[in-house]
There are 2 protein chains.
Amino acid sequence: MTRSATRERLFAAAIELIAESGLAATTVDQIAARAGVAKGTVYYNFGSKAELFSALLEFGVERLAATLRDAVAGRPPLEALEAAVAAELAFIGEHEPFARLLIAETWRSGGDWQRAARLIRERAVEVLAGALRDAVAAGVLRRDLDVATAASAVFGMVLTVALDWRALQPERPVDDVRATLMDLLRGRLVP
Amino acid sequence: MTRSATRERLFAAAIELIAESGLAATTVDQIAARAGVAKGTVYYNFGSKAELFSALLEFGVERLAATLRDAVAGRPPLEALEAAVAAELAFIGEHEPFARLLIAETWRSGGDWQRAARLIRERAVEVLAGALRDAVAAGVLRRDLDVATAASAVFGMVLTVALDWRALQPERPVDDVRATLMDLLRGRLVP
DNA sequence: GGCTTTGTACTGACCGGTCAGTACAAATCT
DNA sequence: AGATTTGTACTGACCGGTCAGTACAAAGCC
């Protein structure tokens, strides 16, 4: 088997297992078994459990960030923001275990990878921040908006809502959920 | 020493240690030492490490929910919502490690423990949902607002923003962060 | 064509350390 | 006097990480 194919199988296995039980509770033996691979192969492809995890995080977040960038590209400011939110929602719908892993593990305290994990997550948030900045520059959002905090808020809001949606009412159409999020974003709360 | 006094000391010790090193990295021996208690005492008072942590989670969420209920009590609808958000933010500022524990444990996908953790979290979200319902009833929010989704969104938004705040710019005043959150909530994004 | 060599990917038994949990007799509350 | 705590010693399962060895295809060699 090719190296990259093996790596991807390990990624997929690790994402599932970590989403279920957490990083600390997931053993390297489990990951290897789920991927249909010997334990040594994990250490041949990645130097350590931590390295595997950080590569996995990197891989997943890069895909999320790319999805967001694609959604934003070439759209006018406010529409771009909404497209990004819709894209984040869709991504989570398709990669639910990864989303669980992301929300659960980026806020764990402890290890060295912790800081790195947070920086990786920033890449996704940064796309939202960019969209917000553009909107501010175009004058469609308040000039004194705290872009960093707002981006973090939008990201977290979408992530939480998406996971609640998947867990509690998965049969509900995406568009429904997206509409509620848009209303919140646009300040359509007030009658 | 009385049984409950010992329990409280163990509790305090466990919280401190989680603040320093995280949940997974904290050993029972450490907890006992920090509490100035023999290891056997931990197992006399709690049957296992898991039981100790589950009691901790229960204890913490109940305090968070109580804090939110206090903040909401006797306030007019919109002000109540704002007070709840401020209270959640302040609570997380003061109990950061607990907030991390909460966010990490409620989003797993398997097992009974996860379901229980989820139900516990609901208690806090429910307070926000109540405030939103009151506001809808009072006519200050849209009649057709999806209260459950909105409550989840607000809770997740505040949690994410609060942890980002603590991690990236802890010296920033709470009021600053709270103001941005309230602007988002009230739709004051647009100039 | 047959042969050796080389590089890459993978295997799985094994090791050493860690840590939850146990045991229990003696001390100390209340 | 019964409930609670102490102190210490111990067990054994588990787990991250290692390493000598296998498989095998492509490349060089005669």
Side-chain angles (χ1 to χ4, degrees), chain A residues 1-59 101 104-105 108-114 116-117, chain B residues 1-58 101 104-105 108 110-114 116-117:
Chain A
M1 203 184 306
T2 69
R3 203 143 195 241
S4 69
T6 303
R7 277 206 170 102
E8 271 176 37
R9 292 181 68 181
L10 283 170
F11 278 158
I15 287 173
E16 283 175 22
L17 287 164
I18 294 172
E20 280 165 25
S21 320
L23 175 63
T26 299
T27 70
V28 175
D29 291 272
Q30 283 177 318
I31 296 171
R34 174 82 56 111
V37 135
K39 186 179 188 176
T41 303
V42 176
Y43 287 90
Y44 180 76
N45 283 277
F46 306 93
S48 66
K49 187 188 183 182
E51 205 177 296
L52 163 62
F53 178 68
S54 94
L56 177 160
L57 206 57
E58 168 97 22
F59 176 76
L101 176 157
E105 300 297 336
R108 271 267 151 79
S109 59
D112 304 327
W113 52 269
Q114 226 273 341
Chain B
M1 205 185 302
T2 67
R3 201 142 197 239
S4 68
T6 303
R7 279 206 171 101
E8 274 175 32
R9 291 183 67 182
L10 282 170
F11 242 57
I15 289 171
E16 278 180 29
L17 284 163
I18 291 170
E20 286 162 22
S21 321
L23 171 58
T26 300
T27 71
V28 174
D29 292 88
Q30 284 176 315
I31 296 170
R34 176 72 61 102
V37 137
K39 186 179 184 175
T41 303
V42 176
Y43 286 90
Y44 183 77
N45 283 277
F46 303 93
S48 66
K49 188 188 183 184
E51 205 176 296
L52 167 60
F53 280 125
S54 134
L56 200 69
L57 189 62
E58 168 92 23
L101 186 70
E105 293 302 327
R108 303 217 182 293
D112 306 327
W113 159 254
Q114 285 70 18

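In what follows, chains carry the letters A, B, and so on, assigned in the order in which the sequence lines appear, proteins first and then strands, with residues in each chain numbered from 1. Note that these values count all heavy atoms, side chains included, but never hydrogens, waters or copies made by symmetry. Remember, it's a predicted structure, so these values are computed and weren't measured experimentally.
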Using 30° and 60° as the class boundaries, would you call the ring planes of B:F11 and B:F46 parallel, tilted or perpendicular?
parallel
Where each residue is assigned the nucleotide of DNA chain C containing its nearest heavy atom, which of A:N45 and A:D29 is assigned the position nearer the 5′ end?
A:N45
Covered region of DNA chain D, 5' end to 3' end, by chain A [heavy atoms, under 4.0 Å]:
D:dC15 to D:dT18
What contact category does A:K49 fall into here, base, sugar-phosphate, or nothing, at under 4.0 angstrom with non-hydrogen atoms?
sugar-phosphate
For DNA chain D, determine which residues of residues 4-11 of chain A have any heavy atom closer than 4.0 angstrom to one of its atoms, and list them numerically.
none
So, do B:V37 and B:N45 sit near enough that their side-chain heavy atoms are less than 4.5 Å apart?
no
May I ask you to say what B:G47 touches in the nucleic acid, namely base, sugar-phosphate or nothing, with a heavy-atom cut-off under 4.0 Å?
nothing
Quick one: are A:R7 and A:F59 in side-chain contact, heavy atoms under 4.5 Å?
no
Could you state the interatomic distance from CD1 (A:I31) to NZ (A:K49), rounded to the nearest 0.5 Å?
6.5 Å
Heavy atoms, side chains only, cut-off 4.5 Å: are A:T6 and A:Y44 in contact?
no
Identify, between B:T2 and B:A25, the residue whose nearest nucleotide on DNA chain C lies closer to the 5' end.
B:A25
Verify, without hydrogens or angle tests, whether B:Q30 (side chain) and B:L17 (backbone) share a donor-acceptor contact under 3.5 angstrom.
no
When all nucleic acid strands are considered with a 4.0 Å heavy-atom cut-off, which category describes B:T27: base, sugar-phosphate, or nothing?
sugar-phosphate
Assess the residue pair A:L101 and A:L56 against the criterion (side-chain contact (heavy atoms from CB on, under 4.5 Å)); give the C-alpha distance rounded to whole Å, side-chain angles, the decisive distance to 0.1 Å, and a yes or no.
CA-CA 10 Å; A:L101 176 157; A:L56 177 160; 3.8 Å; yes
Mind checking salt bridge (Lys or Arg N to Asp or Glu O under 4.0 Å) for A:E8 and listing every partner two or more places apart, or none if nothing turns up?
none
